There are 2 protein chains.
Amino acid sequence: MEDASIQSVPYPTIKRYPAYLQVLKELKSTGITTVSARDIAERLGLNQVQVRKDLGYSAIIGRPKVGYDIEQLTSALHQLLGWQDPKEAFLIGAGALGSALLGYRGFQEYGLDIVAAFDLDPSKHNTAIHGKKVFPMERVPELAKRMGVLIAVLTVPESAAQECADLLIQAGIRGIWSFSPCKIEVPDNVVVQREELSAGLAVLSVRLSEMLKHENNGPSAPV
Amino acid sequence: MEDASIQSVPYPTIKRYPAYLQVLKELKSTGITTVSARDIAERLGLNQVQVRKDLGYSAIIGRPKVGYDIEQLTSALHQLLGWQDPKEAFLIGAGALGSALLGYRGFQEYGLDIVAAFDLDPSKHNTAIHGKKVFPMERVPELAKRMGVLIAVLTVPESAAQECADLLIQAGIRGIWSFSPCKIEVPDNVVVQREELSAGLAVLSVRLSEMLKHENNGPSAPV
DNA sequence: TTATGTGAACTAATTCACAGCG
DNA sequence: CGCTGTGAATTAGTTCACATAA
């Protein structure tokens, strides 16, 4: 009766975990061994109750007056995220954004190891970008099976997204991190996570416009 | 009495607008002039009522049986987002992620035009990455004022984030799109929007792990 | 009949308020 | 006290159900 496995941790919480891990890592590097929820909250600009609630989904318990053991907490969060051991991934679409991500070593921290890139464009084949070889799309099935790769980062133009996804699915890929803003149809046993870079920019724009607007109206006439 | 300007549009809605714009753009390119909420919803995998509610924040009204005028809707959303005319921006931190973003032309679509890059590392100064010149950080104030730049994309290591932000603020930058997962202290008249690339990856990981787990347990014993 | 538009119901997430522990 | 942990209240967002318009 302790199942609780059908996505018991809310997504907003999951999204905050990587930031928590970052803080823990930084603290650990300074030699500190425990941390309070308040401290984490302050470093990230969050509400401390929210942090406690979030951490509550892990099995580990904090000690009053002391806080949480950093080591324990780190591995608990890694476990909740499925980041115990790094997952190998393919990158599909070696265009501007794709090349960029190939060079970004930050993913390693998040348990993602991009091992190869693929592209439809023959002129890119057998070149290497940031040390990662670029293969023709047709080789995805073969290499995915050989290397046991289950995750793909999809950075192709929208028009090619579904086509590429279909090929990935055939090749046994089970998780697709898509940077295209369109829907991708997949069977039930495949997960698509859409990353909307533009969403954050939209929020920034709006907040900025509103601030500037209020500055012009605000101080004087409230008509 | 028609103020309604104090952030009347909810953030989740704002985050969906860029995707709507993408759909509108695609439809427009095929010569279609109107679109229904249902159509938008289907293309993006959203609920059609949600789309209607979202569009309702714009002044434009849809015609029953016909839908919304694509042209009108596009400019209304642009207006709501403050994307009428492209905003010039600086990129701070020409590391792996920064270089990647410099090469990504997609931002132009979202009204953001990165016009120059800056870095603390002298070895990068006066080089160009993807056609964008890299300047020393010290020149931010001068160039920001000269070009009237108000937005900065911050892709520096966490340890340098606050320091760089301080310099940006001094230089008159009012909006910071930060790719570091740490809090940045700014005065009230500056907006910081944090982009957590790892958040999406975390969600993907969890959804994938859960699916794989259920596959192993699921079909057989529900103990 | 095919669409929009919207009050009402529902669901999810955050925050409050306080109990408990070392 | 300084901290965790959690039920209760609140707020925000989504979805339902239905009125309405062409």
Side-chain angles (χ1 to χ4, degrees), chain A residues 4 6-17 19-20 23-24 27 32-73 76-77 80 194 196 199 202-203 206-207, chain B residues 4 6-17 19-20 23-24 27 32-70 72-73 76-77 80 183 194 196 199 202-203 206-207:
Chain A
I6 307 150
Q7 176 45 34
S8 53
V9 186
Y11 286 130
T13 296
I14 288 168
K15 289 184 178 174
R16 285 185 291 266
Y17 282 164
Y20 295 173
V23 169
L24 294 177
L27 288 173
I32 298 174
T33 61
T34 60
V35 63
S36 70
R38 150 116 57 111
D39 194 3
I40 296 176
E42 260 172 22
R43 282 162 189 270
L44 294 171
L46 302 174
N47 180 305
Q48 55 165 312
V49 180
Q50 181 163 73
V51 174
R52 283 208 294 278
K53 279 245 157 87
D54 285 349
L55 300 185
Y57 290 101
S58 77
I60 70 114
I61 51 167
R63 301 220 329 256
K65 179 100 177 169
V66 177
Y68 304 83
D69 180 85
I70 288 179
E71 195 82 43
Q72 278 178 24
L73 193 51
L77 293 185
L80 280 171
R194 209 151 72 192
E196 305 256 6
V203 173
V206 169
R207 291 174 60 201
Chain B
I6 306 148
Q7 178 44 33
S8 54
V9 185
Y11 285 130
T13 295
I14 289 168
K15 288 183 178 174
R16 286 187 289 267
Y17 282 164
Y20 296 173
V23 169
L24 294 177
L27 288 173
I32 297 173
T33 60
T34 60
V35 63
S36 70
R38 151 117 56 112
D39 193 5
I40 295 176
E42 261 172 21
R43 281 162 190 271
L44 295 171
L46 301 173
N47 179 305
Q48 55 165 311
V49 180
Q50 181 163 73
V51 174
R52 282 209 294 276
K53 279 247 157 85
D54 285 349
L55 300 186
Y57 290 101
S58 76
I60 70 114
I61 50 166
R63 299 219 333 254
K65 180 98 178 171
V66 176
Y68 303 84
D69 181 86
I70 289 181
Q72 277 178 23
L73 193 51
L77 294 185
L80 280 171
K183 185 173 70 169
R194 209 151 73 192
E196 305 256 6
V203 173
V206 169
R207 290 174 60 200

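Here is how names work: the chains are called A, B, and so on, in the same order as the sequence lines, proteins then strands, and each is numbered from 1. Please read these numbers as outputs of a predicted model, since none were measured by experiment.
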How many whole angstroms separate atom [atom1] of [X] from atom [atom2] of [N]?
| X | N | atom1 | atom2 | value |
| --- | --- | --- | --- | --- |
| A/I40 | D/dC3 | CD1 | C1' | 13 Å |
| B/K65 | C/dG5 | NZ | C1' | 18 Å |
| B/L73 | C/dA3 | CG | P | 16 Å |
| A/K15 | C/dA12 | NZ | P | 15 Å |
| B/Y11 | D/dT11 | OH | P | 18 Å |

Are any side-chain N or O atoms of [X] and backbone N or O atoms of [Y], one a donor and one an acceptor, separated by less than 3.5 Å?
| X | Y | result |
| --- | --- | --- |
| A/K15 | B/V203 | no |
| A/R194 | B/L44 | yes |
| B/Y17 | A/A199 | no |
| A/Y57 | A/I14 | no |

**Message:** Here's a test of your reading of the structure: between B/S36 and A/R16, which maps to the more 5' nucleotide of DNA chain C?
**Reply:**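 Counting from the 5' end, the first nearest nucleotide belongs to B/S36.
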
**Message:** Within a 6.0 Å radius of atom CD on A/E71, are there more than 12 heavy atoms belonging to other residues, nucleotides or ligands?
**Reply:** no

**Request:** Give a yes or no on this: more than 12 heavy atoms of other residues, nucleotides or ligands lie within 6.0 Å of atom CD1 of B/I61.
**Result:**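 No, the 6.0 Å shell around CD1 holds no more than 12 heavy atoms from other groups.
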
**Asked** What are the residues of residues 45-62 of chain A, sorted by number, that bring a heavy atom to within less than 4.0 Å of DNA chain C?
**Response**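 The stretch gives A/N47, A/V49, A/Q50, A/K53 as the residues lying under 4.0 Å from the strand, ordered by number.
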
